[in-house]
Amino acid sequence: MTTKKLQYERPVIQKLNTGVMNKFGTKTEYSPVTHIENNSVKELINKFGSPLFVISEKTIRDTYHSANRAFKNRYPKVQFAWSYKTNYVNAVCNVFHQEGSWAEVVSGFEYNKALGNGVPGNKIIFNGPDKREEELLLAINNDSLIHIDHLDELYLIKELANETNHRPRVAIRVNMDTGVYPMWDRFGFNYENGQAWDAINKIMLNDKMDLVGLHCHIGTFMLAPSAYGIAAGKLSELALAIKKKYKKNIQYIDMGGGFASKNTLKGSYLQGVDTSPTFDQFAESITTAILNAGFTENELPLLILETGRAMIDDAGYLLGTVISNKRLSDGRRATIMDFGVNILFTSFWYDHKISPAQEFGQHTEDAVLYGPLCMNIDVIRENITLPPLMRNDHVVVHTVGAYNMTQWMQFIALRPAIVMIDTQNVAHVIRNRETLNSIQGDEVMPTHLKDFKL
Amino acid sequence: MKIKKNIALSDSGFVFDPATGDSFTTNLIGMEIIKMLKDGKSHQEIKTAVLKKYLTDEATFEKDNYDFINMLTKHRLTDGDEKEKD
Amino acid sequence: MKKKKINVAVTGLNAIDSPGPGVPVIRALKESKLFDVRIIGLSYEALEPGIYMHDIVDKTYQIPLPSAGKASLLERLKYINSVEKIDVIIPNFDAELYNFITLSDKLKKEMGINVFVPTLEQFEDRHKANLSDYGKKHKIKVPYGKVIFSTAEIPKLTKEFAYPLVVKGKFYDAYIAYSEQQAYTYFNKISAKWGLPIIIQEFVTGQEVNVTAIGDGKGNTIGAVPMRKQYITDKGKAWSGISIDDKNLLSMTQKLIRSTKWRGGMELEIIKTNKGDYYLLEINPRFPAWVYLAVGCGQNHPEALVQLALGKDVKPFKKYDIGKMFVRYSYDMIVSLKEFETISTLGEL
């Protein structure tokens with residue numbers, strides 16, 4: 001007679017301390033996530049390697065629809081523009097473009113990416129403090145919307161306008177006090193001290209360009225919808241002042257981005273998923289301020305939103321594998337993963353939710369999660385409660401869609417592949433895992449350094 | 001390595017050291033190992049028993065058991081002076 | 001009259017040297033003339049004394065800490081409710097209120113559990129950093145205050161403040177600074193621990209008085225009992241206190257409840273100056289640990305809260321006994337290890 005062997009779990013013993021999180025009812029954090037939209041985590045890793053970024057096309061579209069609905073239910077003219085810097089993998093951009101988003105770019109590199117994706121020039125918003133002369137000229141000739149950041153740029157555009165027969169379509173970026181800290185006063189022109197109004201007058205009195213919009217971007221990971229109401233109110237006041245003085249309607253108000261996603265900021269006591277405002281709350285605050293500002297119905301400006309993080313964060317997952325477990329000198333458990341801060345840049349400011357990708361028993365352990373880099377700063381989570389993970393077990397990191405795939409660093413290893421799961425649950429590679437050539441293909445070796453003997 | 005004889009172990013995985021007043025929790029396999037240690041089983045006997053009952057390999061168990069015994073020692077649940085005799 | 005049987009779940013069983021309000025709330029409910037109450041304790045730690053007080057707590061369950069998130073809490077409450085059929089939950093910790101407030105509709109709809117807590121707006125508005133606006137909005141005197149983000153703002157403070165002034169953290173900690181130098185020190189000390197912003201507040205001297213009260217959510221004050229602390233512990237908690245006769249304090253409480261339409265229990269911390277002015281220092285959005293004094297004075301606030309939670313109309317209390325005292329004491333219970341083991345490993349006892 002043979003008896004079936006039982007599933008093994010590593011033996012653990014923990015001292016009962018008072019004051020630490022009890023395990024009763026906390027199961028949601030470590031309940032296993034074995035599949036992402038019907039694709040088994042194990043199979044995805046077998047097929048595409050580990051670590052692996054996975055993006056859900058369905059989640060992107062669903063999130064876009066709920067944001068769009070929140071604003072369109074409250075305001076007649078709404079336009080989203082995809083913030084390229086948040087995630088500019090072309091397949092991701094094109095999901096947004098298919099949904100109707102314009103492109104919002106902050107560099108010549110991103111501008112060319114948007115053109116390459118087929119976005120018409122007049123539907124590209126060009127932001128940021130560093131726009132080179134040739135890039136500005138290209139944007140002017142393409143009828144793009146140029147958001148002026150500083151006076152030097154304003155004068156440069158003025159000069160360029162003389163060289164071309166296109167009239168630049170410009171807006172100014174306005175910074176202001178919305179009651180939040182820190183105040184982002186390094187970008188654009190200040191509202192309270194009159195800089196913004198001065199810049200507006202300079203543009204309005206110039207006969208070579210058109211002031212078509214007003215732009216602001218008040219911060220990042222904003223948890224206070226009311227601040228957007230204040231900002232929208234101030235931009236509306238400027239628009240109405242322009243109308244009064246020059247008898248000209250501003251075509252659009254661009255509220256930028258900065259809506260918080262569902263991630264949990266380090267040091268915050270409650271979970272982000274419980275406290276982050278909804279699109280409806282942001283929309284209510286912004287649209288109420290514009291609708292109450294005093295525009296007549298047909299003067300109402302187009303409302304542009306450049307929301308990035310809140311649109312894409314939820315759609316991104318990072319799959320990874322346990323390299324090793326060890327015990328630190330103070331007795332704490334440490335688990336080393338095959339992904340680190342180099343590709344999960346956002347672990348510097350979030351306590352990312354991390355789930356095991358296989359079934360476990362009831363027992364859990366407190367652990368530190370480290371990345372594989374030979375650097376002390378490579379910490380994914382300083383403290384996390386997980387079931388006893390073994391070498392080669394997999395985990396799923398949640399809500400990583402924003403900034404990781406643009407701010408990731410190529411450091412001592414190649415960056416992983418990115419896979420998109422389409423709405424029929426089929427996985428497509430949208431960026432291949434890097435090869436040695438992707439990194440050193442552009443290197444040049446001087447002839448005298450080609451040979452050596454050891 | 002010997003575990004303190006007077007350690008109390010309950011079916012719920014609650015471990016109590018009457019000498020220090022400390023209490024701990026352990027999982028199922030941890031309970032079994034502690035029980036065997038209390039019964040005076042040798043390392044070899046424990047290993048054989050675990051490998052027979054659970055789906056695992058020798059290297060994995062050796063590694064995990066090493067860590068577990070270290071934690072027992074760290075928590076002062078073992079009699080320090082007596083070295084293990086294989 | 002036959003008393004109605006109900007099940008009430010209560011948190012804050014930490015009847016320790018800086019006590020939570022759970023045990024006094026439970027004692028009040030056990031003395032109810034209207035209800036025959038079965039008490040389900042909800043605890044965060046295995047050593048909360050209430051867990052072991054079997055004469056007043058019928059059963060206790062461990063629940064996840066607020067930081068574990070609403071989904072965890074909801075899942076745990078679903079389980080507990082499947083066993084206990086809870087009629088009312090009374091949360092007693094500030095830190096857990098956000099979750100209970102935002103879950104209250106769901107608890108009612110999905111599980112039939114009633115929670116009578118402040119609205120999210122009432123809860124958020126009374127935060128320390130908002131106190132100045134709060135005072136203006138509800139026409140209540142509060143110490144003049146200002147929120148600052150940087151030490152660069154400290155030299156300018158003398159335009160609006162005179163030293164000494166109070167330097168406060170967003171959630172905890174307050175120091176009296178007698179000089180600019182001290183203001184810098186406290187700014188750095190508090191911001192290192194609790195982050196920004198820092199609240200600068202006018203230093204108001206006088207007698208501290210407290211009120212425990214309950215509002216019905218429509219603007220009516222159902223009950224209010226003012227108390228002066230007679231002796232405090234080294235943690236600043238009342239060791240003993242006495243109910244006092246102060247019409248001004250009561251009318252200030254009623255005015256605030258009317259203006260905010262306060263829903264649920266509350267504690268007001270107030271300074272009465274030598275000139276006889278009353279300044280509101282803080283609103284705690286739940287009953288205080290000394291709420292049993294109100295019962296002793298003839299106003300059973302927890303019982304009223306349960307009635308309100310169950311959707312009953314409650315007549316406001318008209319009077320309370322003046323000069324009633326409470327003296328807090330500590331008591332060593334003998335507890336079997338088996339009980340500690342059970343709550344620690346199984347999460348219920």
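Order of the sequence lines fixes the chain letters, A, B, ..., with proteins taken first and strands second; residue numbering starts at 1 for each chain.
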Quiz item: Is there side-chain contact between P11(A) and T26(B), with heavy atoms separated by less than 4.5 Å?
Solution: no
Quiz prompt | Student check: side-chain heavy atoms of D67(B) and N325(A) closer than 4.5 Å | solution = no
[X] atom [atom1]: more than 12 heavy-atom contacts under 6.0 Å:
{"X": "R76(B)", "atom1": "CZ", "result": "no"}
{"X": "F348(A)", "atom1": "CZ", "result": "yes"}
{"X": "K38(B)", "atom1": "NZ", "result": "yes"}
{"X": "D57(B)", "atom1": "CG", "result": "yes"}
{"X": "D39(B)", "atom1": "CG", "result": "yes"}

Quiz item: Between E9(A), R333(A), R391(A), M390(A), which has the largest tally of heavy atom pairs under 4.5 Å with chain B?
Solution: E9(A)
Self-check item: For chain B, which residues of residues 34-50 of chain A have heavy atoms nearer than 4.5 angstrom
Solution: none
Quiz item: Of the backbone (N, CA, C, O) and the side chain (C-beta and beyond), which part of L77(B) lies under 4.5 Å from a heavy atom of chain A, both, or neither?
Solution: side chain
Practice problem: Can you tell which part of K74(B) gets under 4.5 Å to a heavy atom of chain A, answering side chain, backbone, both or neither? | Solution: side chain
Self-check item: Donor-acceptor contact below 3.5 Å, side chain N27(B) vs main chain R10(A)
Solution: yes
Quiz item: Is a side-chain N or O of K5(A) found less than 3.5 angstrom from the main chain of L51(B), in a donor-acceptor match?
Solution: yes
Quiz item: Who passes side-chain hydrogen bond (donor to acceptor under 3.5 Å, both in side chains) against Q14(A), sequence neighbours left out?
Solution: none
Quiz prompt | ring pair (Phe, Tyr, Trp, His ring centres under 6.0 Å) contacts touching residues 10-41 of chain B (sequence neighbours left out) | solution = F24(B)-H75(B)
Quiz prompt | T60(B) to Y8(A) - nearest heavy-atom pair and separation | solution = CG2-CE2, 4.0 Å
Practice problem: List the steps, then state whether side-chain contact (heavy atoms from CB on, under 4.5 Å) holds for I13(A) with I34(B). | Solution: CA-CA 10 Å; I13(A) 183 161; I34(B) 293 173; 4.2 Å; yes
Quiz item: side-chain contact (heavy atoms from CB on, under 4.5 Å) with E434(A): which residues, sequence neighbours excluded?
Solution: Q410(A), L414(A), R415(A), R431(A), S438(A), I439(A)
